[in-house]
Structure formats: structure tokens, C-alpha cells
2 protein chains.
Amino acid sequence: MPTNRAQRRGRPGHDRDDVIRAGVQLFNEQGYDATSVSDLTTRLGVTKSALYHHVDSKAQILQIALDEALDGLEEALQTALTHPTPGERLTAIVDGAVRVLTARQPQVTLLLRLRGNSDIEMAALERRRRFDHTVTDLVREAQAEGLVRADLDAGVATRLIFGMINSVVEWYRPDGPVDPALLGAEIRAVALDGLRPRP
Amino acid sequence: MPTNRAQRRGRPGHDRDDVIRAGVQLFNEQGYDATSVSDLTTRLGVTKSALYHHVDSKAQILQIALDEALDGLEEALQTALTHPTPGERLTAIVDGAVRVLTARQPQVTLLLRLRGNSDIEMAALERRRRFDHTVTDLVREAQAEGLVRADLDAGVATRLIFGMINSVVEWYRPDGPVDPALLGAEIRAVALDGLRPRP
DNA sequence: GTCTATAAATGGATAGAC
DNA sequence: GTCTATCCATTTATAGAC
């Protein structure tokens, strides 16, 4: 098959996935707005015309990446919701979010940095708000069961725990020393029991 | 005195502080790179020439704001270091960081979103790295005393707790319902003891 | 799948008058 | 302190050839 990746080497011969991947990586290094199409063509070693043969626009690259991030998070949330008890649902969404965030780190990073500067960004932020809202419901439910401190506002508690979770995109590297599965367990432990050793 | 703010009303009559304040606010709404000088002049209701009478460049506005953020954080760190015990030093820097972050929210927000796209950004990131490094030392010290779980890498623990703290800039509003002093205590409690109710 | 060439708009910044 | 007018580099994107 000539579609084989190894056989394509010699002169570029990029496909759409190459462009998306390189674009997302560059957006994360420099920021979406600070990255020009020229920056991207330079990194890929092609001209603008070649790039526009694969994608419709710079914004489309962002759109595709954001969809991958949101699809992953929403899927993790749906799975978490199938668990029978509030405690299981809460731990499932914490684990699930960390898993998606490490598995699709570049795409989720873009999502978390959005400012709503275009229709695409605003639509993605709206999907994210719905996700956050449902997670807040899970936290509130866990509070009612006495699994989470009830003296904290559910919204604040959710923001704090997801602040911790989401910050992982800023330093986690797939090829680094931190095991993503272990990290999920550690975050769950710190979120529920804190940094202080249990007596 | 004609320098009085109320008496300046009528036609714009801005000063440098007005420009900085509006610039930082706009940078936070849209992102630094996505904000054009024209966006800023539109918000202020003046022309570009008027704006450039007050500041040398768009980058200078960023520079001034970043210095305010970093000065505040470094000051809080120095104060924390004067405390006699590791436990006090750790709680002091957590409280201090939350205090600076709520008091200078716009400036710190800019700092936390930097990508290192210019010399100014890289210099600020270097100062921030030094801050993070010293805080990690405080966490390591607290681990040695048994005040913080020793099974966690000090760097990971620091990143998780500051992930929680720093995420506050994304939703805290000075005129909102959350009291900044209370928030500091709550974050300290959640960071040390977790979300689960203590037995 | 990639190229050269170019369009059309917007970017940051300045000159010089009032 | 603000204006009009302008410079020039860079931006996203396209036309049409190979």
C-alpha cells in the first residue's frame, strides 16, 4: 500500500492529519493567535498553497482539535454517569477527565485556553460550560451524601478540583517520567484527602 | 487640583494608568496576541496617536502589568520565608499567593497565560520559574517534616496545589460573591485536607 | 501535492498639525 | 492630549501552472 507512512518519505507528501497535528502543536507552543499560517508552513516545510490544499482555513484546524477534546470529555462524562452511586460517579469523572487530558493533551490544552474570539471558540466554550455544569451536579450530589465537605459551595469546589486537574496540561508530557494512570490516582487522592498525611 | 479624576471628565483626557488598565483588561478578555492596538483605541475612544502619546508600545503595557504581578508574588514569597517553621512558611505562601492573585487578578492572569513569544515574555517566565522553584523547596521541606505526604514528588505536589490556586484567576471576580480572605482559607483547607470531610 | 505570484485587509507604529 | 493621514510589514487566503 502506498498509503504507508514510511513509504511516503522522500519529499513531504503530507496529508490532512499531518497538518492538523503540526498546527495543534504550534498553537500550543505559541498560542493560536500568535501563530501565523506562515509559521505553520515553515514548520511543515511547504508553501501556503500546499497547506490550503489540505485544510480550508487556520480556524478549521482549531475546530477539529477542539471537537476531539470535547468529544473525549463528554464521552468520559457519559460513562461516569452510568455508575450506580454518587461516589463512584465522582471518582469516575475525575479519573476519566485525567485520562482524556493526558491522552489528548494537545487538543485539551487548546480548549482550556480559549477566549471566545470567534464563533468556533464560542461554540466550543458553550459545550465546555455544559460539561462543567453537569460535573458540578455530580459534586453537589456527592455533598448531599456526605462524601464531600458541604461547607464549600459546589461550584467553587468543582472549580478548585478541576483547576488542579486541568493544570496538568501545562506540564504533563506523554514521554515524561509521570505515568498517566498513576497521576489519575494521585490527583484523586490529593483532591479527596489533601496533601496532609492521613492520621 | 486639576489632576482630580472627577474633574477630568468631559472629553477623554486619559493618562498612562488609564491606558495600562484598559489594555490589561482587554488582553485578558481576548488574549494579548488577539488584541490589536486598534481594539484598545476603540475601547478608550481615542486614536492610535493619542494612545502612543501615553505608552511606547503594546508590549510595554504587557511589561508593566507582568512586573506588577511578579513583584507581588516575589514579595509574598519573601514574607513567607521569614516564618520560623516549614509549616508556617508553606501556609504563608499559599495564603500570600491567593491574596496577590485576587488583589492583582488581571496582572497575574496575564502572567499565567504567557507563552514566551518575545523577550519580555521570556524574561517574565524566567522570574516565574524562579518563584516556582523556591516554592517547590518549601513543599519539599514540609514533606521532610511530615506535614505533606512524602509519597508524592515535590514538584508534582507543588504543581497540583498551584494548579488549584492559579485556576482562581479564571473565575474569581473582585465584585463577585466570593470573599478573597475566605477563599484563601478554603483553598488552604482543601489543599491540605482535601474535599472529603474529616472523620 | 506542491509551486510562484498576488490579492485584500489588518497589524504596529510615526509625522506633524492643533 | 488628541487628531488626520500615512508607512510598511505581515496577515489570511486564492488563482492558476506543473
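Below, chains carry the letters A, B, ... as their sequence lines are ordered, and counting in each starts from 1. Atom set for the values below is all heavy atoms of this structure, side chains included, hydrogens, waters and symmetry mates excluded.
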Can B:D175 and B:R173 be counted as an ion pair, charged N to O under 4.0 angstrom?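 No salt bridge links B:D175 with B:R173.
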Kindly state which residues belonging to residues 23-36 of chain A come within less than 4.0 angstrom of DNA chain D, counting heavy atoms of the residue only, listed by number.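 When residues 23-36 of chain A is checked for heavy atoms under 4.0 Å from DNA chain D, the hits, listed by number, are A:T35, A:S36.
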Please list residues of residues 48-63 of chain A whose heavy atoms come under 4.0 Å from any atom in DNA chain C, ordered by number; otherwise none.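 Those residues whose heavy atoms fall under 4.0 Å from DNA chain C, taken from residues 48-63 of chain A in numerical order, are A:S49, A:A50, A:H53, A:H54.
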For A:D71, all residues meeting salt bridge (charged side-chain N to carboxylate O under 4.0 Å, His left out), sequence neighbours excluded: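 A:D71 satisfies salt bridge (charged side-chain N to carboxylate O under 4.0 Å, His left out) with A:R127 only.
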State which residues pass salt bridge (charged side-chain N to carboxylate O under 4.0 Å, His left out) with B:E141; sequence neighbours excluded, sorted by chain then number.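 Once residues adjacent in sequence are excluded, the partners of B:E141 under the salt bridge (charged side-chain N to carboxylate O under 4.0 Å, His left out) criterion are B:R89.
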Which pairs with one or both residues in residues 73-113 of chain A pass ring pair (Phe, Tyr, Trp, His ring centres under 6.0 Å), sequence neighbours excluded?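 Not a single pair qualifies under ring pair (Phe, Tyr, Trp, His ring centres under 6.0 Å).
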If you look only at pairs with a residue in residues 40-79 of chain A, which of them pass as a ring pair (Phe, Tyr, Trp, His ring centres under 6.0 Å), with sequence neighbours excluded?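 For residues 40-79 of chain A: none.
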Set of residues satisfying side-chain contact (heavy atoms from CB on, under 4.5 Å) with respect to B:A124, sequence neighbours excluded: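 Counting only residues at least two positions away or on another chain, B:A124 forms a side-chain contact (heavy atoms from CB on, under 4.5 Å) with B:L66, B:L70, B:L111, B:L114.
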Contacts of B:Q63 that satisfy side-chain contact (heavy atoms from CB on, under 4.5 Å) - sequence neighbours left out: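 Residues passing side-chain contact (heavy atoms from CB on, under 4.5 Å) with B:Q63: B:D67, B:I120.
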Check whether any side-chain nitrogen or oxygen of B:H14 sits under 4.0 Å from OP1 or OP2 of D:dT2, and answer yes or no.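 The answer is yes; a side-chain N or O of B:H14 sits under 4.0 Å from OP1 or OP2.
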Is any side-chain nitrogen or oxygen of B:T47 closer than 4.0 Å to OP1 or OP2 of D:dC3?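 Answer yes for this pair, as a side-chain N or O of B:T47 is under 4.0 Å from OP1 or OP2.
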Quick test of your reading: applying side-chain hydrogen bond (donor to acceptor under 3.5 Å, both in side chains), list the pairs with at least one residue in residues 153-168 of chain A, sequence neighbours left out, ordered by first then second residue.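 For residues 153-168 of chain A: none.
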Please report, rounded to the nearest Å, how far the P atom of C:dT2 is from the CG atom of A:L44.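 Interatomic distance, CG of A:L44 to P of C:dT2: 9 Å.
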